[in-house]
Amino acid sequence: MISPVRWHGDRLLLLDQTLLPVQEVEKPCDSWQAVAEAIRTLVVRGAPAIGVAAAFGVALAARESRAKDFPGLLADLEEAIKGLGATRPTAVNLFWALDRMRRVAVEQRLLPLAAVRARLLAEAQAILDEDVAANRAMGAYGAALVPEGGRILTHCNAGALATGGYGTAGGVIRAAHERGKVRLVWVGETRPVMQGSRLTAWEMAKEGIPHRLISDVAAAFVMKRGEVDLVVTGADRIAANGDTANKIGTYGLAVLARHHGIPFYVAAPSSTIDPAIATGASIVIEERDPAEVRGVAGRQTAPADSPVFNPAFDVTPAELITAIITERGVVRPPYRFTA
Ligand code: MRU
């Protein structure tokens, strides 16, 4: 199984996604600051994987802390939680995992500090294991929606790399493939930083899933030709009404899918649902470095000083989403998620 985040010995190993598909190198992290930097620089990315990595970051902060009592330890954890939470604003899984780690620490406040530290590490591992289990459940529900000989279009990378393992949208594709239902996966390259071509195509190739890469701008054309049976993507945050933030370009694909009468599915674990947010209008959209748009893979492809708008995500309105696949089942509109 592809494991983008794993604990080994006394440190965290992150499969460096900035080097894929050319090199498979695990980057060791032995401090929460190293984990925060890895999240910021996309060494680890994808909503659930960010949450899992951040949880291990809190466990590392507990190990590093020189505190002699619980209030001192909690103060050190709060500093780490703040630093990790400041890395990327859109994926709610990050904040969900950090809140869960804080809650566990507080619940264990009467135990010896060594036991609190051990408990935090176990909780981070539990977050990872639960994520993989959720993905497998989601995969089974989602696979049932794929017709025999299905041609699936996906965007960005919502596969094993974006999660604890197996994937959300990627998990649906994997599960459908395991059941022999997938004729072809259309993989959109996903400008500006190419998670589709660098990561999803790598996963598909590694697992022998039939796929074909397209530039993002070719999606409308393949739909028009009748070569897409369904679209499935992941999510970074789902509002109470079902509005869904995901990688920039997802909204455009949902509009195209509606125009062509193609079902558009979102696959995400419950940790991606943010019932505290009524609609997608309140979701904070991360804006990233203009250099990502002014170039491709480090090569300049635009004037160095051209002004750039580089939102990392967009919001797909709930009315364009045929169904949301979670580990608890398939939810159809109207969406009304509650805590
Ligand atoms: O900027 P990224 O690569 O972290 O964006 C990732 C996505 O948008 C994914 O589709 C989303 O996190 C779902 S991953 C299961």
Side-chain angles (χ1 to χ4, degrees), residues 2 4-5 14-18 20 38-54 87-97 127-128 131-132 134-139 142 153-175 187-200 202-203 216 231-238 244-254 264-274 280 283-289 292-293 310-316 321 324-327:
I2 298 166
V5 183
L14 300 174
L15 182 55
D16 188 342
Q17 301 191 31
T18 65
L20 290 172
I39 295 173
R40 203 182 336 267
T41 56
L42 309 185
V43 166
V44 59
R45 35 64 52 203
I50 292 171
V52 170
T87 51
R88 301 196 71 192
T90 304
V92 74
N93 308 61
L94 172 62
F95 307 99
W96 171 89
I127 290 175
L128 191 162
D131 186 62
V132 177
N135 291 337
R136 289 193 179 277
M138 223 177 288
L153 187 145
T154 192
H155 187 58
C156 190
N157 172 266
L161 290 168
T163 62
Y166 201 74
T168 59
V172 170
I173 293 168
R174 265 192 181 79
V187 179
E189 62 182 354
T190 317
R191 272 289 281 154
V193 293
M194 310 294 198
Q195 291 94 330
S197 53
R198 288 189 304 107
L199 308 176
T200 301
W202 178 79
E203 285 193 25
D216 299 317
V231 179
V232 60
T233 74
D236 285 82
R237 193 183 291 239
I238 300 174
T244 294
N246 191 50
K247 179 53 55 195
I248 190 73
T250 304
Y251 170 46
L253 291 173
F264 181 92
Y265 298 109
V266 168
S270 335
S271 53
T272 304
I273 298 169
D274 185 0
I283 299 176
V284 177
I285 299 294
E286 175 185 6
E287 285 184 38
R288 293 188 61 87
D289 188 346
E292 291 181 350
V293 178
N310 184 17
F313 302 96
D314 57 27
V315 176
T316 299
I321 302 172
I324 297 177
I325 304 157
T326 78
E327 75 278 22

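Hydrogens, waters and symmetry mates are skipped; everything else that's a heavy atom, side chains included, is used. In listed order, ligands and their atoms are each counted from 1.
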Practice task
Give me the one residue out of Arg88, Lys247, Arg237 that meets salt bridge (charged side-chain N to carboxylate O under 4.0 Å, His left out) with Glu286.
Solution key: Arg88
Backbone of [Y] reached by a side-chain donor or acceptor of [X] within 3.5 Å:
X: Arg198; Y: Val193; value: yes
X: Thr18; Y: Asp16; value: no
X: Asn135; Y: Gly165; value: yes

Fill in the blank from the handout: Output for ligand 1, non-hydrogen cut-off under 4.0 Å, lists Arg45, Gly46, Ala47, Pro48, Arg88, Cys156, Asn157, Ala158, Ala162, Thr163, Thr168, Gln195, Gly234, Ala235, Asp236, Asn246, Lys247, Phe313
Handout entry: Pairing residues for Asn157 by the side chain to side chain contact (heavy atoms under 4.5 Å, CB included) criterion, not counting sequence neighbours
Key = Arg45, Leu161, Ala162, Gln195, Leu199, Thr200, Glu203
Handout entry: Over all atoms of both residues, closest heavy-atom pair of Ala175 and Gly139
Key = CB-O, 3.3 Å
